[in-house]
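A short write-up of the structure that comes next.
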Protein chains: 2
Amino acid sequence: MATMQEVADRAGVSIATVSFLLNDTKPVAAATRARIEQAMADLGYRRNVVARALASRRTHIIAMAYPALEHKFGTSTAEFFTSAAEAAREDDYHLVLWPVGNDGVELRELLGQGLVDGVVLMEVQLDDARVGVLRETGTPFAMIGRTTELEGLTHVDIDFDTTVADAVAHLYDLGHRQLVLVSGDLDDPRFHAYGPWVRIGDAYRRIAAEHRLEIVVVECSDTTRAGHEAAAQIVRDHPGTTAVLVMNEFAALGVTAGLQRLGRDVPGDLSVLPLLMVPETAAMSNPELTIMRTPGPELGRLGTQSLIRHLEGAAPLPPQLVPAKLVPGESVGRPRSASAEGIGGR
Amino acid sequence: MATMQEVADRAGVSIATVSFLLNDTKPVAAATRARIEQAMADLGYRRNVVARALASRRTHIIAMAYPALEHKFGTSTAEFFTSAAEAAREDDYHLVLWPVGNDGVELRELLGQGLVDGVVLMEVQLDDARVGVLRETGTPFAMIGRTTELEGLTHVDIDFDTTVADAVAHLYDLGHRQLVLVSGDLDDPRFHAYGPWVRIGDAYRRIAAEHRLEIVVVECSDTTRAGHEAAAQIVRDHPGTTAVLVMNEFAALGVTAGLQRLGRDVPGDLSVLPLLMVPETAAMSNPELTIMRTPGPELGRLGTQSLIRHLEGAAPLPPQLVPAKLVPGESVGRPRSASAEGIGGR
DNA sequence: CTGAAAGCGCTTACAG
DNA sequence: CTGAAAGCGCTTACAG
């Protein structure tokens, strides 16, 4: 690998001038610029990022901290990561995925090594130990998600209110009046303070009340098997249900299959609408699920860009909330009662 | 952050001695050691990995190159990554995930920056452009998977022969005599030279012949939807089939659901046995699938360890092939014909 | 617009 | 067993 000194020698300039050109940090005369660029091309020069990092005290590496123990890493998460990595690359940063625990211990360990300029925090808890670690060490960070205390914290998140409102409105407009929310299992220690589960539950209670709907919430863990059980519970305890909203994507697959196993047609007897899912997972179900599509690509990108602005001292982006959007599939239809009674118009 | 110089000052030694102790690279007197360790503890010292990297010309960072465009990143892949990251950490390395294209262009770009000591290659093609790039740049690497040309290349892979042999034997012993392999779509440019698809196909043809079974192969892409179509094709063109082996995990979900949609009971009418799947995905199906479990955790670890030995100049690990192992679920049973005719013993 | 030089925080021959 | 010093390949005041 050629070094900057070799480029400078070949171009007949000093190493400083090469650096100025490369970083666009001081003006360089056109003729000089041409000679340097020629020399770089001739030598196939690529700047050594390690040396740059040491000299500038900026590694240009961003870590995406993902609690792989507590949360499955699936297609949904991959979307966040891939879009974040892409956004980082566009701004001359590397984004690396760090599987670190929720408690902040590993994170502190890693931060001490000075490898990263900043951290994108995934799967944020309402009161997140990692935030404390990041603040103590003075590490810039952005959250994809939100703690309860937010003052001064850079973040982006799903707009749960709009997501739930749109989902409920869609079902309501089709004529559904008896909904069930399959919510998270808040007894599970991984989730009792997990933002999305809490916020979706809160939003649902409020919005269902606005529509004067009876509020029925079934708790359910984040597995297909748990979804089966939730389906059984719905059929047994809430036989009049015409539509089911499901928070977790794995549970949603289970609810659908579970309803079918119990002889219910989806969407003939019951509609199923997952609140946070990606098309790939929706396609795993039969019928293919109608979903509120997780805005992973947008949020991965926005979160990373927010952090980078922070790192570069630019004016911070305002916190952004992005709703999941309805993507039609085959699991939502009009309720039988509506077709019979003519509710829902059109 | 404390620096090594500060530690040295506090312990009353030279910076070199601290370094020798930290790297265990020269003997240090017990008393000196105690003083240094005390100083490090007092200051909460953590070695700066960037400075270490520049001085030693070793970053201790390993990149896992994953072609995110060409291959979905799902739960299966996450297993490889997580176990590889864990193995790396145990040996004092960082493993970072790099989404880079199959053609080697991005890889070359990234390697030039000098950020990584070595690369773990995922989703290897039979003739992989990335291997050329790695060789040209002199970058140490290990493959999880195999090119056709293998001389001198560090690699680990799935033992497709044993996997297919065990799967076929299991079905054969249960009494199945009419099998179908749902194979990859080799017309798909992403896959026509993709090792696993080619090798499983080859192994199946050989092993089925050994069992004197008729060889039926249905091509199918890597989506649930494609699996539905494969199911239809099986029912239509191969009505006597009693068991289906499926290469791709998404396709396997689709085959199962597709058979059910066509009124077939799984496993009553047909058994379904995916050849490469993780339990999480198997649980998404109803009934839960019996699978050959992808040895992701073993291979991620072995591949990383092979690379690290290479990096440290230790005797190389021999190439290792690890078979997928049968994990019982509810999608494989005896064929109706066997129960009727008493084939299959016991 | 360009250059000489200090310095980032370590590792590593070399010397003792 | 320990230390003085060069050097890794850059960036960045400072000076001109």
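Bear in mind the structure is a predicted one, so any value in this text is a computation, not a measurement. Each chain gets a letter, A, B and so on, in the order its sequence line appears, and its residues count up from 1.
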TODO: Could I get the full list of salt bridge (Lys or Arg N to Asp or Glu O under 4.0 Å) partners for R108(B), not counting sequence neighbours?
DONE: E136(B)
Open item on the list: Rounded to whole Å, please give me the gap between CG in L21(B) and C1' in dT12(C).
Closed with: 16 Å
- [ ] Rounded off to whole Å, could you give me the CD1-to-P distance for the I36(B) and dC10(C) pair?
- [x] 14 Å
TODO: State which residues pass side chain to side chain donor-acceptor pair (under 3.5 Å) with S14(B); sequence neighbours excluded, sorted by chain then number.
DONE: T17(B)
Open item on the list: Does S56(B) reach a base, just sugar-phosphate, or nothing at all? Heavy atoms under 4.0 Å.
Closed with: sugar-phosphate
TODO: Dot-bracket for DNA chain D, please, read 5' to 3', with Watson-Crick or G-U wobble pairs under 3.5 Å on both distances, ( ) within the strand, [ ] crossing, | other strand, . unpaired.
DONE: |||.||||||||.|||
Going by atom type alone, with no hydrogens or angles, which donor-acceptor pairs under 3.5 Å involve a side-chain atom of residues 26-43 of chain A and a protein atom two or more places apart or on another chain?
from, atom 1, to, atom 2, distance (Å)
R35(A), NE, A11(A), O, 2.9
R35(A), NH2, A11(A), O, 3.3
D42(A), OD2, R10(A), NH1, 2.6

Open item on the list: Can a side-chain donor-acceptor contact be found between H94(B) and Q113(A) if the only test is distance below 3.5 angstrom?
Closed with: yes
- [ ] Please lay out, stage by stage, how D128(B) and T147(B) fare under the test side-chain hydrogen bond (donor to acceptor under 3.5 Å, both in side chains).
- [x] CA-CA 7 Å; D128(B) 201 302; T147(B) 47; over 6 Å; no
- [ ] Would you kindly give the CZ-to-P distance between R47(B) and dG9(C), to the nearest whole Å?
- [x] 15 Å
- [ ] Could you check how far CE of M4(B) sits from P of dC8(C), rounded to whole Å?
- [x] 15 Å
- [ ] Look at S19(A) and dT11(D) and indicate whether a side-chain polar atom (N or O) is within less than 4.0 Å of OP1 or OP2.
- [x] yes
Task: Where at least one partner belongs to residues 298-307 of chain A, residue pairs that pass salt bridge (charged side-chain N to carboxylate O under 4.0 Å, His left out), sequence neighbours excluded - done: E86(A)-R301(A), E90(A)-R301(A)
Open item on the list: For R199(B), give me all partners under side chain to side chain donor-acceptor pair (under 3.5 Å), at least two apart in sequence or on another chain.
Closed with: none
Would you tabulate the pairs of protein nitrogen or oxygen atoms and nucleotide nitrogen or oxygen atoms of nucleotides 3-7 of chain D closer than 3.5 angstrom?
from, atom 1, to, atom 2, distance (Å)
dG3(D), OP2, S14(B), N, 2.8
dG3(D), OP2, S14(B), OG, 3.4
dG3(D), OP2, T17(B), OG1, 2.8

- [ ] Just jot down the side chain to side chain donor-acceptor pair (under 3.5 Å) partners of S83(B), sequence neighbours excluded, or say none.
- [x] none
Task: Nearest-Å distance for atom pair OH/C1', residues Y45(A) and dG9(D) - done: 7 Å
Open item on the list: Using whole Å, what does the distance between atom P of nucleotide dC10(C) and atom CG of N23(B) come to?
Closed with: 11 Å
- [ ] Rounded off to whole Å, could you give me the CD-to-P distance for the Q5(A) and dT11(D) pair?
- [x] 13 Å
Task: Sequence-distant partners of Y93(B), ring pair (Phe, Tyr, Trp, His ring centres under 6.0 Å), two or more places apart - done: H60(B)
TODO: Would you mind reading off the distance between D24(A) atom CG and dT2(C) atom P, rounded to a whole angstrom?
DONE: 14 Å
